[in-house]
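All remarks here apply to the structure that follows.
Per chain, numbering begins at 1; letters A, B, ... match sequence-line order. Just the heavy atoms: all of them, side chains too, but no hydrogens, waters or symmetry mates, feed the values below.
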Amino acid sequence: MIREKVLEILMENRPDIENIENAELVNDGLLDSFDIVTLVTDLDKAFEINIDGADITPENFNTVDSIVELVKKNGAK
Amino acid sequence: MHFEFKNKKITGILTIVPKNTVKFDDEIENYNFTAKQSMKLKLVMGYDERRVATTGVCSSDLCEYGMNYLFDNNLLKKDEVDALIMVTQSPDYFMPATSCILHGKLGLKKETYCIDINQGCAGFIIGLIQAFMLLEQDTINKVVLLNADVLSPKISKKDRNSAPLAGDAASVTIIEKSEESSKIIADVNFDGSNALCLNIPAGGFRIPSTSETAIMKEDEAGNLRSLDNLVMKGDDVFNFVLNKVPEQIENLLHSENLSNDDIDYFICHQPNRFMLQKLADKLGVSYDKLPNNIVEHFGNASGVTIPTNISFNLKEQDRKLKVCLSGFGVGLTWASMILDLDVLKFNKLIEF
């Protein structure tokens with residue numbers, strides 16, 4: 001459920017990224033800091049969480065799995 | 001470094017912003033954002049209006065205008081100015097110091113002590129600390145602190161990391177000796193190993209400006225800038241702020257057994273709305289108590305955002321407030337201060 005929602009938000013923000021589930025989003029230059037800012041805002045709203053500012057690092061947004069872990073760490077259920 | 005002071009207070013703040021307003025909506029095509037992303041970022045980051053000096057206007061021009069406003073309105077007398085501190089990253093010249101240029105233009109007395117400090121986003125607090133130290137002298141009763149930056153000419157219009165936020169402004173702050181002995185506390189930290197995270201690479205003695213340094217190049221994110229332009233590693237700066245600043249503020253509060261509830265306002269440097277909201281969340285304070293509305297109205301004018309914040313948000317102040325000031329950025333520098341802010345003799349924002 002969490003993974004599906006994360007994927008939905010990612011694809012809504014960046015519909016142009018192909019094979020998003022297997023991509024290294026930051027390392028491959030697909031997401032930049034502005035994408036991360038808008039993603040954080042959408043994730044906070046969708047999961048009713050408040051992602052800790054100190055967790056907003058490129059590593060935590062590099063893959064779908066790392067984003068799922070991030071939202072779980074910040075209280076998503 | 002920890003600092004403590006007594007018997008000093010801020011007695012007036014005047015903020016000077018250029019009349020010229022630039023709107024984000026008119027610049028969207030510069031930034032390589034999709035239309036949808038632009039609208040989202042406008043809300044999240046606080047991109048809206050910013051004040052930008054017109055060509056040829058320097059930091060010292062804004063300061064001179066502000067000082068003459070105070071003289072003309074009998075809010076300050078020339079012979080009262082015992083020290084003039086100019087905090088800027090955009091001086092008129094490499095030499096002499098801009099405070100000396102202003103000393104001459106303003107016709108200040110020969111005894112006035114003049115000093116320039118090269119600081120940015122933490123510059124208001126660094127300047128206050130300098131002022132408080134000067135006031136320890138018997139010969140100094142009133143210090144004028146000038147914070148000013150006109151950095152917009154150094155920012156590429158095609159650099160979306162910096163351009164949508166860049167603002168120019170100046171402030172004049174009067175600091176005096178006080179009978180009241182409430183304690184002022186401050187912590188200042190530096191991380192010079194990351195000094196170039198915010199940098200103008202060329203134009204100094206290390207890399208002089210040449211036709212080569214003026215060549216615009218595209219980075220991996222599609223930003224266009226030259227070595228003569230300001231460059232900011234946004235991710236690194238963001239991460240540094242959200243890791244270091246809350247810890248510094250919390251330590252400062254704990255050092256005096258204070259809690260968030262004892263502070264009326266957290267008046268912070270304002271790089272963008274998103275960072276300020278995350279900072280407020282991390283500290284556990286409401287957005288009302290930690291205002292984040294300066295960038296959307298004026299842009300980020302480095303060391304001037306804190307005085308602008310006070311002039312804009314606390315202009316109706318009718319009682320003594322306990323405030324926590326916090327500035328963070330170039331250096332890297334992060335500095336926080338807790339002090340009582342009495343009702344000011346003047347607290348105003350004017351246009352140049």
So what's closer than 4.5 Å to chain A heavy atoms on [X]: side chain, backbone, both or neither?
| X | result |
| --- | --- |
| B:D236 | neither |
| B:F238 | side chain |
| B:M275 | neither |

Practice item. Output the option from B:K36, B:M45, B:R160 having the highest count of non-hydrogen pairs under 4.5 Å with chain A. Key: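 Of the candidates given, the most pairs with chain A belong to B:R160.
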Practice item. Considering only heavy atoms and a distance below 4.5 Å, find which of B:N272, B:V241, B:N161 pairs most often with chain A. Key: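 The candidate making the most pairs under 4.5 Å is B:N161.
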Check your understanding: Counting heavy atoms not belonging to A:F61, are there more than 12 under 6.0 Å from its CZ?
Key ->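 Yes, the 6.0 Å shell around CZ holds more than 12 heavy atoms from other groups.
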Which distance, rounded to the nearest 0.5 Å, do you find between the [atom1] of [X] and the [atom2] of [Y]?
| X | Y | atom1 | atom2 | value |
| --- | --- | --- | --- | --- |
| A:R14 | B:T34 | CZ | OG1 | 8.5 Å |
| A:I56 | B:L242 | CD1 | CG | 6.0 Å |
| A:D55 | B:N243 | CG | CG | 9.0 Å |

Exercise for review: Quick one: which of A:V37, A:I36, A:D52, A:D32 has the most heavy-atom pairs under 4.5 Å with chain B, could you say?
Suggested key: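 Of A:V37, A:I36, A:D52, A:D32, A:V37 has the most heavy-atom pairs under 4.5 Å with chain B.
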Point to revise | Side-chain H-bond candidate by donor/acceptor type, A:N13 with B:K40, under 3.5 Å | key: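 Checked: A:N13/B:K40 side chains pair up, N/O donor to acceptor below 3.5 Å.
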Check your understanding: Regarding B:Q37 and A:D35, is there a side-chain donor-to-acceptor distance under 3.5 Å anywhere?
Key ->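 B:Q37 vs A:D35: donor-acceptor pair found between side chains.
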Practice item. Enumerate by number any residue of residues 38-50 of chain A whose heavy atoms lie under 4.5 Å from heavy atoms of chain B; in the absence of such residues, state 'none'. Key: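 Contacts with chain B: A:T38, A:V40, A:T41, A:D42, A:D44, A:N50.
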Exercise for review: Give the ring-plane orientation class for A:F34 versus B:F33, where under 30° counts as parallel, over 60° as perpendicular and anything between as tilted.
Suggested key: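 Ring orientation of A:F34 relative to B:F33: perpendicular.
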**Study point:** Contacts of type ring pair (Phe, Tyr, Trp, His ring centres under 6.0 Å), residue B:F266, not counting sequence neighbours
**Key:**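 Partners of B:F266 under the ring pair (Phe, Tyr, Trp, His ring centres under 6.0 Å) test: none.
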Exercise for review: Could you tell me which portion of A:I51 (side chain, backbone, both or neither) has an atom closer than 4.5 angstrom to a non-hydrogen atom of chain B?
Suggested key: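 Interface part for A:I51: both.
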